[in-house]
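Here is the structure we will look at.
Just follow the structure's listing: the first ligand is 1, and inside any ligand the first atom is 1. Here the structure is a predicted model, which is why all the values come from computation and not from measurement.
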Amino acid sequence: MKDLETRADIELLVNTFYGKIQKDETIGYFFNDVAQVDWNIHLPKMYQFWETLLFGKVSYKGNPMSAHFPVNAKVAIEKHHFQHWLQLWTETVEELFAGEIAEMAVYKARNISQLMAHKMAVAKKLE
Ligand code: HEM
């Protein structure tokens with residue numbers, strides 16, 4: 001298996017991951033129903049996000065945390081949801097790629113996911 005190297009690799013990873021998310025019984029609901037995500041906008045944003053994190057090509061200019069607060073305010077995104085997100089992400093990375101960048105994709109996702117889970121829980125307590 002090859003490592004994650006190109007923009008096409010990122011697109012394959014992101015498309016495969018969100019393909020699973022859309023059908024996922026545990027967290028698909030947040031994307032399909034709570035936020036009613038427009039995938040034509042979300043997917044290109046996620047290509048940019050991962051390209052920025054993994055290749056240092058700074059094409060993503062948003063704030064990954066702030067997008068989640070309004071969703072969390074409607075329906076709490078809990079620790080177990082983030083653990084499930086991370087499990088799906090890790091599984092998808094590992095079924096498609098192997099190498100240093102692939103490991104980085106899992107490592108960075110884990111860090112962000114843990115931080116995000118913490119911030120969402122704090123926001124719920126302050127409501
Ligand atoms: C169960 C966990 C998660 C749920 C339910 C979730 C849900 C969502 C939803 C619904 C949006 C889109 C909002 C919209 O366009 O209306 C979004 C955006 C986004 N998510 Fe997540 N997310 C989760 C975890 C994560 C994690 C762990 C990361 C990072 C590793 C992440 C990164 C992003 C980014 C970068 C955006 C785009 C933000 C922007 O608009 O600039 N998400 N997420």
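- At least one donor-acceptor pair closer than 3.5 Å links the side chain of Lys108 to the backbone N or O of Leu53.
- The closest approach of His68 to atom 21 (Fe) of ligand 1, by N/O/S atoms, is made by NE2.
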Given the rule in the side chain to side chain donor-acceptor pair (under 3.5 Å) test, do Asn15 and Tyr47 qualify, once you have shown the distances and angles that lead to the verdict?
-> CA-CA 9 Å; Asn15 291 343; Tyr47 307 149; 2.6 Å; yes
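- Within the 4.0 Å heavy-atom criterion, neither part of His84 lies near ligand 1.
- Proximity of Val37 to ligand 1, defined as any heavy-atom pair under 4.0 Å, is confined to the side chain (atoms from C-beta onward).
- Considering only non-hydrogen atoms, atom 32 (C) of ligand 1 lies nearest to Met46 out of Met46, His81, Lys61.
- For Gln36, no heavy-atom contact with ligand 1 is shorter than 4.0 Å.
- Summary of contacts: the protein heavy atom closest to atom 15 (O) of ligand 1 is His42 ND1, 4.4 Å.
- Taking CE from Met120 and NE2 from His81, the interatomic distance works out to 13.5 Å, rounded to the nearest 0.5 Å.
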List the steps, then state whether side chain to side chain donor-acceptor pair (under 3.5 Å) holds for Thr52 with Lys57.
-> CA-CA 5 Å; Thr52 300; Lys57 183 175 183 289; over 6 Å; no
Let me see the working for Met1 and Leu96 under side-chain contact (heavy atoms from CB on, under 4.5 Å), right down to the final yes or no.
-> CA-CA 7 Å; Met1 257 196 293; Leu96 294 171; 5.6 Å; no
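- Of all protein heavy atoms, the one lying nearest to atom 10 (C) of ligand 1 is Ala35 CB, 3.4 Å.
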Should Lys20 and Glu91 be marked as a salt bridge (Lys or Arg N to Asp or Glu O under 4.0 Å) after you check the CA-CA gap, both sets of side-chain angles, and the distance that decides it?
-> CA-CA 11 Å; Lys20 292 183 188 187; Glu91 193 181 286; 3.4 Å; yes
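- With a 4.0 Å heavy-atom cut-off, ligand 1 is reached by the side chain of Ala67 but not by its N, CA, C or O.
- One finds the NZ atom of Lys119 at 12.0 Å from the CD1 atom of Ile112 (value rounded to the nearest 0.5 Å).
- Of the protein's non-hydrogen atoms, the one nearest atom 28 (C) of ligand 1 is Met116 CE, 3.7 Å.
- By the 30° and 60° cut-offs, the orientation of the rings of Phe31 relative to His42 is tilted.
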Is there a side-chain contact (heavy atoms from CB on, under 4.5 Å) between Gln22 and Trp39 once you walk through the steps?
-> CA-CA 10 Å; Gln22 285 179 53; Trp39 295 99; 3.4 Å; yes
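- Compare Trp85, Phe30, Trp50, Tyr29 by their heavy atoms: the one nearest to atom 26 (C) of ligand 1 is in Trp85.
- Near Ile112, the atoms of ligand 1 lying under 4.0 angstrom from a non-hydrogen atom of the residue are 29 (C), 30 (C).
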Run the side-chain contact (heavy atoms from CB on, under 4.5 Å) check on Gln83 and His80 step by step: do they pass?
-> CA-CA 5 Å; Gln83 284 166 343; His80 73 96; 4.2 Å; yes
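- Among protein heavy atoms, the minimum distance from atom 37 (C) of ligand 1 is reached at Lys45 CD, 3.9 Å.
- For atom 6 (C) of ligand 1, the choice among Phe82, Tyr60, Phe31 with the nearest heavy atom turns out to be Phe31.
- Remark: ligand 1 atoms within the under-4.0 Å shell around heavy atoms of Phe49 are 29 (C), 35 (C).
- Within ligand 1, counting atoms from 1 as listed, the ones closer than 4.0 Å to a heavy atom of Ser113 are 27 (C).
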